[in-house]
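Before any comments, here is the structure.
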Amino acid sequence: MRVLRTILAAAVGVIVGATVVAAQDGAASYPNRPIKIIVPFAAGGTTDVLARIVGQALTAKWGQPVIIENRAGAGATIGADMVAKSPPDGYTLLMGATHHSIAQSAYSRVPYDFGRDFSPVTVIALVPNMVVVNAKVPARTIEEFITLAKQKPGSLNYGTAGAGTAHHLIGEMFKLKTGTDIVHVPYRGSAPALADLMGGQVQVMFDTVTSGLPQVRDGMTRALAVTTARRSSALPDVPTLAEGPIPGFDVGTWFGLLAPADTAPSIVEKLNHQVVEIVNSPEARARMLELGAEPVGNSSVGMAAQIRKEIETFGALTKQLQLVVD
């Protein structure tokens, strides 16, 4: 019996050792084939734009194609679920965002646990959201818009990148704190919502600066306020909500890269090193700032801590707002 236990222990040791060596070899040769970055929104939005900046730079660095694949729907949870259930080998990654921290509590059913089923790599950028209206809306300031909304309760619509996203949560917070009644219209991403904002089908969005900035600059839409405590470097003349009608209002949207849980730490570390290097490069920083995104590039540990804190914070907030998405 003792001999049998010895043989079994030796066999287990050989298997574990072989697994460790295989993992190390995989990390050393990573990447040796194309990588997919899943963007859980339609093409053209902030998540998509930032993913393409990083994907193009990684392709140039590694000589392996980095493919951006858009899997929109269900407030970004369809794409996230696909990555959560992918092999943890570093070849299928998620371009995640604040939306995922919110969805964990806002959705009645989420097919994964955002705090448990992913290995955070790094936050790429923080982007302020803005209150932006169709150019024909007769409001030149945020105060005028609030007055208009109160005069016409239920007649103004706000578009979002989907139910349970940051755009939605910010919109509901705005309604709660201003006592206004505007109707939520969810889309499968910022780009289609923005198209309808310009067309007048919806009158307002709480969109990210990155997504909506070109239309603001062209005069097709009008930015009335930003939602973070500090003004956007891309829109320095646009006041914050905190400066005006809603003191203390401070909500923005982060965007970052995540791998499936149990991805080898060496692969996560390699990804972090390369992506942070890209984020800090003069070319990428200039491009992000031009788009209205503030570059970050933190550690994987720092990103994980941020996500844990956000899930707790947004969980309490969605409960206060009684926000449940089916």
Side-chain angles (χ1 to χ4, degrees), residues 39-57 68 76 95-99 122-135 141-142 145 158-162 165-171 174 187 189-195 197-198 204-244 249-257 275-276 278-298 306:
V39 172
F41 292 109
T46 304
T47 323
D48 183 69
V49 171
L50 292 175
R52 291 179 192 279
I53 290 173
V54 171
Q56 288 168 8
I68 307 302
M95 189 66 173
T98 304
H99 312 297
T122 187
V123 174
I124 291 165
L126 175 66
V127 182
N129 289 64
M130 60 180 171
V131 186
V132 60
V133 297
N134 175 279
T141 67
I142 189 63
F145 177 77
Y158 78 97
T160 72
T165 62
H167 308 83
H168 183 198
L169 189 69
I170 292 170
F174 180 86
Y187 290 80
S190 281
L194 188 57
L197 177 68
M198 291 185 287
V204 62
M205 284 183 68
F206 300 87
D207 200 10
T208 55
V209 170
T210 306
S211 178
L213 187 59
Q215 291 73 25
V216 171
R217 286 175 171 165
D218 290 343
M220 300 167 71
T221 59
R222 186 183 310 118
L224 302 182
V226 295
T227 63
T228 46
R230 297 175 60 182
R231 293 192 181 195
S232 166
S233 57
L235 294 169
D237 296 329
V238 177
T240 68
L241 287 174
E243 290 176 57
F249 201 103
D250 182 18
V251 183
T253 304
W254 62 261
F255 299 87
L257 208 60
V275 176
V276 169
I278 290 167
V279 170
N280 289 326
S281 70
E283 298 81 9
R285 288 186 66 84
R287 178 68 176 136
M288 289 182 196
L289 289 170
E290 179 187 356
L291 293 169
E294 310 291 340
V296 179
N298 59 351
Q306 178 178 332

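Applying the side chain to side chain donor-acceptor pair (under 3.5 Å) criterion to E290, with sequence neighbours excluded, gives no partner residue. Checked against ring pair (Phe, Tyr, Trp, His ring centres under 6.0 Å), F174 has the following partners two or more places apart in sequence or in another chain: F206. For R230, there are no side chain to side chain donor-acceptor pair (under 3.5 Å) partners, not counting sequence neighbours. In terms of the side chain to side chain donor-acceptor pair (under 3.5 Å) criterion, T227 has no residue partners (sequence neighbours excluded). Checked against side chain to side chain donor-acceptor pair (under 3.5 Å), S232 has no partners two or more places apart in sequence or in another chain.
Taken to the nearest 0.5 Å, the CG atom of L50 stands 11.0 Å off from the CG atom of L257.
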Full working for side chain to side chain contact (heavy atoms under 4.5 Å, CB included) between L197 and Q215: CA-CA 10 Å; L197 177 68; Q215 291 73 25; over 6 Å; no

Test log, rule side chain to side chain contact (heavy atoms under 4.5 Å, CB included), inputs V251 and L169: CA-CA 10 Å; V251 183; L169 189 69; 5.8 Å; no

Full working for side-chain hydrogen bond (donor to acceptor under 3.5 Å, both in side chains) between T228 and D250: CA-CA 4 Å; T228 46; D250 182 18; 5.2 Å; no

Chi angles and distances behind the side chain to side chain contact (heavy atoms under 4.5 Å, CB included) call for M288, V279: CA-CA 9 Å; M288 289 182 196; V279 170; 4.3 Å; yes

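Residue N129 forms a side chain to side chain donor-acceptor pair (under 3.5 Å) with just one option from T210, T253, T208, and that option is T253. Exactly one residue among L213, V226, V216 makes a side-chain contact (heavy atoms from CB on, under 4.5 Å) with V132. That residue is V216.
Screening residues 235-244 for side-chain hydrogen bond (donor to acceptor under 3.5 Å, both in side chains), with sequence neighbours left out, gives R231-E243, T240-E243.
For H99 and H168, the ring centers are positioned 6.0 Å apart or more.
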